[in-house]
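Just so it is clear: chains get the letters A, B, ... in the order the sequence lines come, proteins before strands, and each one is counted from 1.
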There are 2 protein chains.
Amino acid sequence: MAPPSGSPLPPLSVDRASPVPLHSQLARQLERAVADGTLPPGTLLGNEIDLAGRLGLSRPTVRQALRTLVDKGLLVRRRGVGTQVVHSRVRRPLELSSLYDDLEAAGHRPGTRLLVDRLEPATGPVAAALGLPEGTEVHYLERLRTAHGAPVARLRNHLPAGLVDTAGLESTGLYRLLRAAGPALHTARQSIGARAAAPEEAALLDEEPGAPLLTMERTTFDTTGRAVEFGSHLYRAGRYSFEFQLMVRP
Amino acid sequence: MAPPSGSPLPPLSVDRASPVPLHSQLARQLERAVADGTLPPGTLLGNEIDLAGRLGLSRPTVRQALRTLVDKGLLVRRRGVGTQVVHSRVRRPLELSSLYDDLEAAGHRPGTRLLVDRLEPATGPVAAALGLPEGTEVHYLERLRTAHGAPVARLRNHLPAGLVDTAGLESTGLYRLLRAAGPALHTARQSIGARAAAPEEAALLDEEPGAPLLTMERTTFDTTGRAVEFGSHLYRAGRYSFEFQLMVRP
DNA sequence: CAGTGGTCTAGACCACACT
DNA sequence: GTGTGGTCTAGACCACTGT
């Protein structure tokens, strides 16, 4: 008896002339097929040998493609069973995103008011976060982020001087500038908490004093281990929450 | 001129008789060496061919070990340069943990008061989160978590009936029970926000009404895509914050 | 230029799941 | 037993980095 599946795969193909690695081509095609429903949740992919043969690839190459998708949480592999598309809906597993991009993706109309943009000496906590000697000149940014014109968050950032050009900052996110500026971002350490709004904070964010606010502190590092950004942000609790998905690594 | 490094590796060795895969043995040894400082940040590992030869392994096997460590954020590889230990301190990248384990690891003395433990019909939001028909009997837990005797959080959980045995729940975390109960956890979808404390909530948590509280909602799925837990939790803002590190996936 | 990781191949045997 | 993924090998060539 034929198993319920094994061949209903989308038309996969690889282009050996392309500069894109073969395993990467395969991974992207499968990822797209999962995303657009061509491969519904639970679909059993054909076994690796068949897949390799059908595409004219070797098994290790196919395995590399599958491994990256398993790591992304899109596929599940079980010995003796096969490789299936994961049942639960998969969203982005928690990326280092800027609030600006988040709002834009959610269909809100993000805006930015640049409140402060200057160099100043790093105080204790900032110097510690950035790993610089206290008193070093750092770039300080303070912004008010809005959506549909209403305030959403107050963003405070300290960066090593000269790292980014703040020209386009009113119409994009800081992270986009950082990625463009050069350093390969590697990790970020975040802390999310809550506290009551101080009077000036309340006024700026259009809340009552004492209203609950979400706080987020984040230090971002590049691959060489240097801190490229320290942020200390304040979000209106009713207008924003952190949503993310996390994967269980075995 | 000899480059600054290449051989100062800890005494690596693999045991071919062990049931533990070779790549996994190597990865663990390197991980431990990074963790305990034997391989300080920035250390340049010898090239893959040497490493393979020294251990009597093939290059793909060594590469598999290195890849898992790169994925974990411990190593950085650059073509033409080599493989280095990442400079910045690496912590756990955000795991699916129970508050109980977090508190215990932080040296606090976690305690639990089981407030509610019963079966009840799933209401709308709970049914939706768990993917069950409305009205299905589900297991409902309500707990007060303390540290050093002071309240830290109120935890509300809904689970499919019969999934866990709540016997040991006063002295351990729900996640430990879930992992032990069988289902292979796969992903969790979380949302972190803030709001003001309602009067009963304030009383339970030893706060003033209106005090800011952190909220966290989480639905956890197993590899088959079934929801195994829906939690709706409340944390005292002054006593708890979410700390985690996230990696930038290329 | 030399050295590095990145990619790819064509096999092999083993461990586990399901029938 | 049969079929699956898991592991492992011994090569090969390419692309990028830094001198």
Enquirer: I'd like to know if the side chain of B:Q190 reaches the main chain of A:L246, judged simply by a donor and an acceptor atom lying under 3.5 Å from each other, with no hydrogens or angles considered.
Expert: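 No; zero donor-acceptor contacts below 3.5 Å.
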Enquirer: Indicate the atoms forming the closest heavy-atom contact of A:A27 with A:T68, along with that distance.
Expert: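 Distance-wise, the nearest heavy atoms are CB-OG1, 3.8 Å.
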Enquirer: Among B:L119, B:L132, B:L159, which residue meets the side-chain contact (heavy atoms from CB on, under 4.5 Å) test with B:V138?
Expert: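 Going through the options one by one, the only one that passes is B:L132.
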Enquirer: Are any protein N/O atoms closer than 3.5 Å to N/O atoms in nucleotides 14-19 of chain C? If there are, list each pair with its distance.
Expert:
from: C:dA17; atom 1: O4'; to: A:R79; atom 2: O; distance (Å): 3.2

Enquirer: Looking across every strand, which nucleic acid part, if any, lies under 4.0 Å from B:P21 by heavy atom: base, sugar-phosphate, or nothing?
Expert: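 Sugar-phosphate, no base atom in range.
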Enquirer: May I ask you to verify if any side-chain N or O of B:N47 is less than 4.0 angstrom from the OP1 or OP2 atom of C:dT4?
Expert: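 Result: yes.
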Enquirer: Short question: side chain of A:H158, backbone of A:F230 - any donor-acceptor pair under 3.5 Å?
Expert: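 Looks like no, no N/O pair under 3.5 Å.
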Enquirer: Could you give the CD1-to-P distance, from B:I49 to C:dT4, as a whole number of Å?
Expert: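 These atoms are roughly 9 Å apart.
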Enquirer: Which residue lies toward the 5' end of DNA chain C, A:R59 or B:T83, if each is placed at its nearest nucleotide?
Expert: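 It is B:T83, whose closest nucleotide lies nearer the 5' terminus.
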Enquirer: I need the single residue from B:R79, B:R54, B:R77 that forms a salt bridge (Lys or Arg N to Asp or Glu O under 4.0 Å) with B:E48. Which is it?
Expert: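 Considering B:R79, B:R54, B:R77, a salt bridge (Lys or Arg N to Asp or Glu O under 4.0 Å) with B:E48 is found only for B:R77.
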Enquirer: Looking only at the side chains, is there a donor atom on one of A:E229 and A:N157 sitting less than 3.5 Å from an acceptor on the other?
Expert: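 There is such a pair (donor and acceptor under 3.5 Å, judged by atom type) between the side chains of A:E229 and A:N157.
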Enquirer: Please report the interatomic distance CG(A:L26) to OG1(A:T61), rounded to the nearest 0.5 Å.
Expert: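 So the CG of A:L26 and the OG1 of A:T61 are separated by 9.5 Å.
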Enquirer: Rounding to an integer number of Å, can you tell me how far B:L75 CG sits from C:dT4 P?
Expert: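 Between P of C:dT4 and CG of B:L75: 16 Å.
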Enquirer: In whole angstrom, what separates B:L66's CG from C:dT4's C1'?
Expert: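 So the two atoms are 13 Å apart, to the nearest Å.
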Enquirer: Scan B:G56 against the nucleic acid and name what it touches under 4.0 Å (heavy atoms): base, sugar-phosphate only, or nothing.
Expert: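 Answer is sugar-phosphate: B:G56 comes under 4.0 Å of backbone atoms only.
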Enquirer: Looking only at atom types and distance, does a side-chain atom of A:E137 sit under 3.5 Å from a main-chain N or O of A:A161, one as donor and one as acceptor?
Expert: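 Side chain of A:E137 to backbone of A:A161: no pair is present.
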Enquirer: Please classify the nucleic acid contact of B:R16 as base, sugar-phosphate, or nothing, using heavy-atom distances under 4.0 Å.
Expert: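 Counting heavy atoms under 4.0 Å across all strands, the contact made by B:R16 is with sugar-phosphate only.
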Enquirer: Nucleotide range of DNA chain D contacted by chain A, 5' to 3', under 4.0 Å to a heavy atom?
Expert: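 First-to-last contact on DNA chain D, by the 4.0 Å heavy-atom rule, is D:dG3 to D:dT7.
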Enquirer: So which atom in B:D222 and which in B:T224 form the shortest heavy-atom distance, rounded to 0.1 Å?
Expert: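 Distance-wise, the nearest heavy atoms are OD1-OG1, 2.8 Å.
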Enquirer: What is the pairing partner of D:dA12, taking Watson-Crick or G-U wobble pairs with both distances under 3.5 Å in any strand?
Expert: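 Paired with C:dT7.
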